[in-house]
Amino acid sequence: RAYVAEGADGVRRAGGRLLQKLWTPREIACADEQELENFSSIRPQASKAASIEQKLIPPGEGWTRYDEEKLINQHSQVYFVQIGPEAGQYLKWDAPGMKFESVGAPHTPKEFPIAFSTGSASLIRKGAKMDRAVILNDIGKIARLALKFPLGFVDTPACAHALFQGLRTAESAQWCAENFHKKLLPILAGKIHTYELKELEDVLRRALEALDAELMQSAHANSGCAALVALLLGDKIAVAGVGRVRVALIPERGAARPLLPLCAGDPYDEDECARIREVGGGFVREGALYGVPLENVDDADRILCARHSFEVLGLGPDSSLDVKLVKTLYRKLALRVHPDKSPQDADLVRYKRAFARLDSAKDAVEAMLAECAESCRELHRVLGCEARTRVGAAALLGTEDVDEAEKASKALWRKMEKMRHVSPDFAKAEAVCREAVAVLRRPFSAEALPRQEALLREGLPTSRAMGARDLREPYPLVVMKPQTASRILPNGRHRVALLVGATADLGDSELASASARFARQPKASALQWCVACGEKSACLSAMCIGVDTTRGEEPAPKRQRLSTSGVGAAEASVRVRHILFAHQQVRIVDPMLRRTPAAKNQQEAELAALDALEKLLAAGKDPNLFLRLCRELSDCQSATQPGTLSGDLGWLGRGQQEPAFDDAVFSLPLNGYGDMVVTSRGVHIVQRLA
């Protein structure tokens, strides 16, 4: 009965009780089946109750003790009942109803026969490297090692990738790259049931929002960056981006198509222009959005971009505010921006909008003065303050102490209280006070403060970004609204192109044609897309994810040939030849170098390797081209070996080279060329010979 009810575990429990039982003479004399039920784990008509005498163990990892009856998965807040009438059930606390509700069993992870390979590239035309790439090939392992919790309920393969591009400096991109996994993985662990596609999109959206919220409180808040992230779980892919980003899906055969279209954020887009005008305070010039007044702006533009009613009328912070001054300024400006007075070649619609705003600003200020002149002047002083700088914030609040600043901010609100229902700008004044307190609270070193505040004068090439606090608070000219997409991975081999900045402007057909020869070399594909952009940007970046869903359909590879070069040679070994492109920024002394490298840095070495790889792939099965290129281009002494041995590294076992080199060569088919491999020696082109 124990076996039927519980299997082998039940037999072991029943046997254990039998061994521990002390039999009395009477029990031995009267032993029958009924007596055995007194200590057996199985009882007639009560097998269910008997089966839960022992505490049940839930599947998966991450369960901790909650009380005597229940375990809890801390990240998902799901409870498992081990004993009692509800044993075996999964529960979740319903806060509004103040009770536990039953939920389904956790997801049983599946391993899909899908292979991923990822490569990123950047091309610096001028200035510093602004992008940062994050490649998390095994998020389960990273969660366990870096964050000390298991991620045991997700399908595999499970990987995440991100591309961050700094918009003013690289500081925010660096910060986001370092902290991305700390936001994503706990959110992903928050559900132990099956993830649907839309739920994966929500995971990425929440991860970006959490990352942005912390970035806004950091010392790099004004830097600003665009972000593009991808999450691959089993046969699902989800992407999310903010800024000038997009994602394309490029099949090995067939036309490329968008997965995530170019995200919103063009400052010249009609909808974005309308939103920026409504907020006020934004100027767009030469493709960049500025949050400070620009020079050589006509009166119509100045009025349309003014942040509040006082600025529309040209009332400076030192103006002695009264009704007479308001009417005088109104008459002067009305003569300049009235539609009937506009120049012949001027935009009449723009002048009509400017005159209408001027009219409403005059009426608003007059109404405020009529309600309470003192409160109106206080509101004018607050709105005229530059609260985004530390000096301006301290001047507004009268202190640099954070605790005192909180009190001063509340005192200002009380002084302006009479304007709450009269002024259309009262909410903006409250936002200015909050931002002044936040500026004083934000950590800055004395050396970094001038550099960070200098960023306030720099424009942003997009109206959607992470960070860029000066353009989001107190006036939200820039917003952080990630756009998402997801799908089931299609059958076959595909490349997923993650494009940020200028590379996002490449069309689907351009992406496919530019990298047609690199269908199985993701890093080379990404670098080729950067090259295809030409001189469009100072820093170009892209990432390529190679996806192969045919792994389970292909026949198993033949057994590896054993190396005969020595006794006890490793069974898993390959014979490889390579071309090494070393560069002058290599940090180690390489005893195998045959000459001083021609490339000054890694970028030049990668471009030279890309050109050589393209020639090799275009030549097809020409056996002599590799030898010629190796003797001509390779910086390794192996290139000087005679005849067909040029560049030959012999038989290599796992662990003899760096991990990146091992991963590349052991995944190659026979006679196949791998992707560009970056190691401490430089950049390699590799070919597997056997």
Side-chain angles (χ1 to χ4, degrees), residues 1-14 41-42 46-114 138-144 147-160 184-204 206-207 231-238 486 488-489:
R1 287 177 181 173
Y3 179 76
V4 170
E6 302 177 63
D9 291 339
V11 172
R12 280 193 290 271
R13 280 195 291 272
S41 61
I42 306 299
S47 61
K48 180 180 178 181
S51 66
I52 59 174
E53 288 182 2
Q54 293 294 318
K55 291 184 177 180
L56 303 180
I57 305 298
E61 300 176 89
W63 299 97
T64 57
R65 175 64 55 192
Y66 178 72
D67 59 24
E68 286 298 320
E69 296 182 353
K70 292 187 286 292
L71 301 175
I72 183 174
N73 184 288
Q74 292 289 351
H75 285 90
S76 65
Q77 289 296 296
V78 172
Y79 299 81
F80 176 75
V81 184
Q82 290 187 291
I83 57 175
E86 295 183 329
Q89 290 192 29
Y90 296 90
L91 306 174
K92 200 155 191 178
W93 180 250
D94 177 26
M98 297 296 290
K99 62 180 181 179
F100 281 107
E101 288 188 347
S102 179
V103 296
H107 173 62
T108 303
K110 299 178 183 177
E111 183 176 1
F112 288 81
I114 300 174
D138 186 347
I139 58 176
K141 182 178 180 180
I142 292 167
R144 186 183 299 278
L147 303 184
K148 307 304 180 186
F149 65 82
L151 199 61
F153 297 98
V154 297
D155 294 332
T156 54
C159 52
L184 172 67
L185 300 186
I187 294 173
L188 194 61
K191 184 178 179 182
I192 62 176
H193 300 92
T194 304
Y195 270 108
E196 303 298 334
L197 288 173
K198 289 298 180 183
E199 291 175 322
L200 291 179
E201 292 182 31
D202 185 58
V203 166
L204 292 180
R206 289 166 56 198
L231 177 63
L232 300 103
L233 292 183
D235 63 342
K236 301 182 181 75
I237 179 170
S486 60
I488 300 294
L489 289 169

message = Salt bridge check, Lys55 against Glu69: does any charged N sit closer than 4.0 Å to a carboxylate O?
response = no

key: Closest approach of Gly152 to Pro109 (non-hydrogen atoms, all atoms of both residues)   = O-CG, 3.1 Å

query = Do Arg65 and Gln82 touch side chain to side chain, with heavy atoms closer than 4.5 Å?
reply = yes

remark   = When every non-hydrogen atom of Ile192 is compared with those of Ser76, the smallest separation belongs to CG2-OG, 3.6 Å

note = Heavy-atom nearest pair, Ile139 first then Leu231, reads CD1-CD1, 4.2 Å

request  = Examine the side chains of Thr156 and Glu111 and answer whether a donor and an acceptor come within less than 3.5 Å of each other.
outcome  = no

ask   = So is Lys191 actually on top of Tyr195's ring, under 6.0 Å and inside 45° of the axis?
value = yes

query = What do the steps show when you test Tyr79 against Tyr90 for ring pair (Phe, Tyr, Trp, His ring centres under 6.0 Å), and what is the final call?
reply = CA-CA 6 Å; Tyr79 299 81; Tyr90 296 90; over 10 Å; no

message = Can you tell me how the ring of Phe100 sits relative to the ring of Trp93, calling it parallel under 30°, perpendicular over 60° and tilted otherwise?
response = perpendicular

key: Pro59 vs Thr108 side-chain heavy atoms within contact, under 4.5 Å   = no

ask   = How far apart are the closest heavy atoms of Leu233 and Ala158, and which atoms are they?
value = CD2-CB, 3.5 Å

query = Do Ile488 and Leu197 touch side chain to side chain, with heavy atoms closer than 4.5 Å?
reply = yes

inquiry  = Rounded to the nearest 0.5 Å, what separates atom NZ in Lys99 from atom CG in Asp94?
reply    = 6.5 Å

query = Can you name the nearest heavy-atom pair linking Ile72 to Gln74, along with the distance?
reply = CG2-NE2, 3.5 Å

ask   = If you round to the nearest 0.5 Å, how far is OG1 of Thr194 from NZ of Lys236?
value = 7.0 Å

inquiry  = Quick check: do Leu489 and Ile114 have side-chain heavy atoms less than 4.5 Å from each other?
reply    = yes

ask   = When rounded to the nearest 0.5 angstrom, what is the spacing between CG in Leu188 and CZ in Phe153?
value = 12.5 Å

Nearest non-hydrogen partners of Trp63 and Pro106, listed with the distance = CZ2-CG, 4.3 Å

task = Give, for atom SG of Cys159 and atom NZ of Lys141, the distance between the pair rounded to the nearest 0.5 Å.
result = 14.0 Å

query = Under 3.5 Å, is there a donor-acceptor pair between the side chain of Asp155 and the main chain of Lys110?
reply = yes

task = Would you give the length of the straight line joining atom CD of Glu61 to atom CZ of Phe149, rounded to the nearest 0.5 angstrom?
result = 12.0 Å

